Number of protein chains: 2
Amino acid sequence: MAERETDRSVSQTVRAQLALRDLVLSGRLRPGERISELQAVEITGVSRTPVRMALVRLEEEGLLEAIPSGGFMVKAFSERDILDSIELRGTLEGLAARFAAERGVSSRDLEPLKQCLDEIDGLVRQDPISVEAFSSYVALNARFHALLTELSRSSPLVRQIDRASALPFASPSGFVMAQSALPEARQILLIAQDHHRVVVDAIENREGARAEAIMREHARLAARNLRLALRNRTRLDLLPALALVTSG
Amino acid sequence: MAERETDRSVSQTVRAQLALRDLVLSGRLRPGERISELQAVEITGVSRTPVRMALVRLEEEGLLEAIPSGGFMVKAFSERDILDSIELRGTLEGLAARFAAERGVSSRDLEPLKQCLDEIDGLVRQDPISVEAFSSYVALNARFHALLTELSRSSPLVRQIDRASALPFASPSGFVMAQSALPEARQILLIAQDHHRVVVDAIENREGARAEAIMREHARLAARNLRLALRNRTRLDLLPALALVTSG
DNA sequence: TAGCCATATTATGTATACAGTCAGTATCTA
DNA sequence: TAGATACTGACTGTATACATAATATGGCTA
């Protein structure tokens with residue numbers, strides 16, 4: 001099938017949103033830089049209306065910031081902002097785990113999580129872990145976190161967690177690929193996987209406080225990875241989102 | 001100055017947003033009901049473009065839900081959703097209080113909070129509390145919570161708390177006016193005010209865990225008020241947002 | 001030479017026209 | 001009579017034209 005100039009299967013708004021998001025995350029637009037609608041029109045090839053929608057959505061997502069006099073600019077983040085976003089996500093996931101534990105979940109609901117964990121076990125068994133395995137881990141890890149969030153059976157909470165994880169550096173798998181370049185990589189993944197096992201165990205035994213605490217600590221693993229990666233200064237190309245960090 | 005047909009000082013988008021929000025919260029649109037753009041154009045008197053923007057913003061706010069095939073409908077909430085939203089807000093405010101305690105705040109920063117608390121003390125001293133005093137309490141309470149959130153000095157967290165408090169039934173003052181009809185009204189306000197004092201004391205003494213715990217419990221006061229109000233079935237007109245609750 | 005004002009350009013906010021798609025309804029056939 | 005199909009209507013997605021406001025630049029004055 002020939003690739004068309006415009007793929008009609010997705011809306012112009014979505015296409016513009018994807019293109020502009022890539023542009024921002026790639027760092028080709030500096031933090032604080034104004035992004036004009038006409039400029040965005042030239043880049044994306046769609047008209048002003050969907051471009052406008054895309055800009056509004058990216059602001060909601062947290063990547064852009066509204067300028068008081070009108071328009072949008074690329075948002076700047078401090079290292080502190082990133083660490084806080086991670087702690088925030090961990091707190092919300094902790095609440096989800098506590099809800100799941102307190103309200104109880106059937107073994108039927110836990111099955112997909114356990115299957116997910118078994119698959120991760122298969123990945124981290126190899127030593128050293130290949131880059132492909134890291135990629136698979138990212139996908140499985142995202143799946144595990146999504147399933148866990150769903151176990152809370154609380155749509156307001158699920159919604160808020162999705163928003164808190166929208167920023168790439170705040171997402172559960174945000175710094176996994178950065179780990180791949182670290183010598184401690186496998187060790188970190190083993191610890192993370194242990195957290196996964198513990199939280200499922202806590203939920204099964206309806207230990208709300210324990211489930212909440214372990215998810216908070218689990219998120220802090222991402223903070224440790226970030227600091228490690230920044231200190232080593234290696235393979236920062238694996239973390240495109242870091243282009244948004246000022247005075248990093 | 002004569003009131004013009006269209007006030008040019010605010011944008012058409014904001015005007016449409018305000019009008020549509022009132023329409024939804026007043027319950028004149030049933031939960032699940034589709035709200036078409038042309039219908040919204042007739043109601044608000046502005047053209048489709050700002051109406052569209054307003055609808056997107058209201059979806060982001062949580063009042064509307066996107067229909068997969070396009071357009072928006074009024075969102076429906078269960079009583080569980082409301083209770084979860086309150087617990088969620090309390091969890092985030094707890095995190096903010098913990099950040100404030102752990103990171104430390106100057107007595108200069110605490111002064112406006114203490115002044116706010118003194119003013120509230122003046123209100124709850126009267127017995128019984130007048131309706132006007134309840135209105136003043138709502139404003140002062142909102143101010144206290146905003147100041148407390150700011151103490152975290154974490155813009156990602158402030159942003160998230162603002163979003164979590166956007167829904168009227170999740171906001172810190174969401175059910176205060178409903179209390180005014182209850183015989184236990186004054187007692188509840190005295191307890192809430194004690195919570196306020198405790199959290200400030202905890203932050204001053206850098207007791208992070210205590211600050212976090214008391215803010216969580218403080219939010220649960222709103223949940224208790226909601227249940228009381230629903231049980232008594234009196235003065236539900238004070239809670240317009242309850243029009244969105246299904247099978248309440 | 002530095003600062004201010006005026007002007008011109010470019011930005012966004014808004015309205016509207018057009019096209020494509022989805023849904024609902026009515027009719028026809030089995 | 002029930003189900004399926006075709007048609008009609010309405011709604012949203014998109015593009016563009018117009019007006020207003022903000023900004024930048026250049027010239028003038030102190």
Side-chain angles (χ1 to χ4, degrees), chain A residues 1 3-21 23-24 28-61 63-76, chain B residues 1 3-21 23-24 28-61 63-76:
Chain A
M1 45 189 173
E3 122 182 356
R4 295 177 194 164
E5 183 180 306
T6 59
D7 182 2
R8 305 303 296 263
S9 66
V10 296
S11 70
Q12 302 287 71
T13 300
V14 170
R15 197 173 321 145
Q17 193 174 347
L18 291 173
L20 293 175
R21 184 192 290 138
L23 201 70
V24 170
R28 279 187 288 171
L29 264 52
R30 302 261 162 211
E33 190 173 337
R34 184 182 200 141
I35 174 170
S36 90
E37 292 181 4
L38 273 74
Q39 178 188 356
V41 163
E42 280 183 19
I43 292 166
T44 62
V46 305
S47 86
R48 272 188 64 206
T49 306
V51 155
R52 227 174 138 62
M53 291 300 253
L55 291 174
V56 169
R57 296 233 124 95
L58 289 174
E59 182 212 4
E60 174 190 350
E61 207 172 302
L63 252 49
L64 300 182
E65 195 175 346
I67 300 172
S69 67
F72 299 93
M73 59 185 234
V74 179
K75 201 163 178 176
Chain B
M1 45 189 172
E3 125 184 351
R4 295 177 194 160
E5 183 180 305
T6 58
D7 182 2
R8 303 303 296 263
S9 67
V10 296
S11 70
Q12 303 287 74
T13 299
V14 170
R15 197 176 318 146
Q17 193 175 348
L18 291 174
L20 293 175
R21 184 193 289 139
L23 201 70
V24 170
R28 279 188 288 171
L29 262 51
R30 303 262 161 210
E33 190 174 334
R34 182 181 200 144
I35 174 169
S36 90
E37 292 181 4
L38 274 75
Q39 177 189 357
V41 164
E42 282 183 17
I43 292 167
T44 62
V46 305
S47 86
R48 270 189 65 204
T49 305
V51 154
R52 228 174 138 63
M53 292 298 258
L55 291 174
V56 169
R57 295 232 125 96
L58 289 174
E59 182 212 4
E60 175 189 349
E61 207 172 302
L63 253 50
L64 300 182
E65 196 175 345
I67 300 173
S69 66
F72 299 94
M73 58 185 234
V74 179
K75 201 162 176 176

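Here the structure is a predicted model, which is why all the values come from computation and not from measurement. Proteins get letters first, then strands, A, B, ... in listed order; numbering begins at 1 in each.
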Self-check item: Partner residues of B:A19 under the side chain to side chain contact (heavy atoms under 4.5 Å, CB included) criterion, sequence neighbours left out
Solution: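 Once residues adjacent in sequence are excluded, the partners of B:A19 under the side chain to side chain contact (heavy atoms under 4.5 Å, CB included) criterion are B:T44.
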
Self-check item: Closest-nucleotide ordering on DNA chain D, the 5'-leading residue of A:G45 and A:I67
Solution: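 Of the two residues, A:G45 wins.
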
Contacts of [X] that satisfy salt bridge (Lys or Arg N to Asp or Glu O under 4.0 Å) - sequence neighbours left out:
| X | answer |
| --- | --- |
| A:R48 | A:E37 |
| B:E33 | none |
| A:E61 | A:R21 |

Self-check item: Inter- and intrachain pairs under side-chain hydrogen bond (donor to acceptor under 3.5 Å, both in side chains), touching residues 63-76 of chain B, at least two apart
Solution: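 Counting only pairs at least two positions apart or across chains, no side-chain hydrogen bond (donor to acceptor under 3.5 Å, both in side chains) contact touches residues 63-76 of chain B.
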
Practice problem: Could you encode protein contacts along nucleotides 7-14 of chain D as a string, one character per nucleotide from 5' to 3', using B for base contact, S for sugar-phosphate-only contact and - for no contact, with a heavy-atom cut-off of under 4.0 Å? | Solution: -----BBB

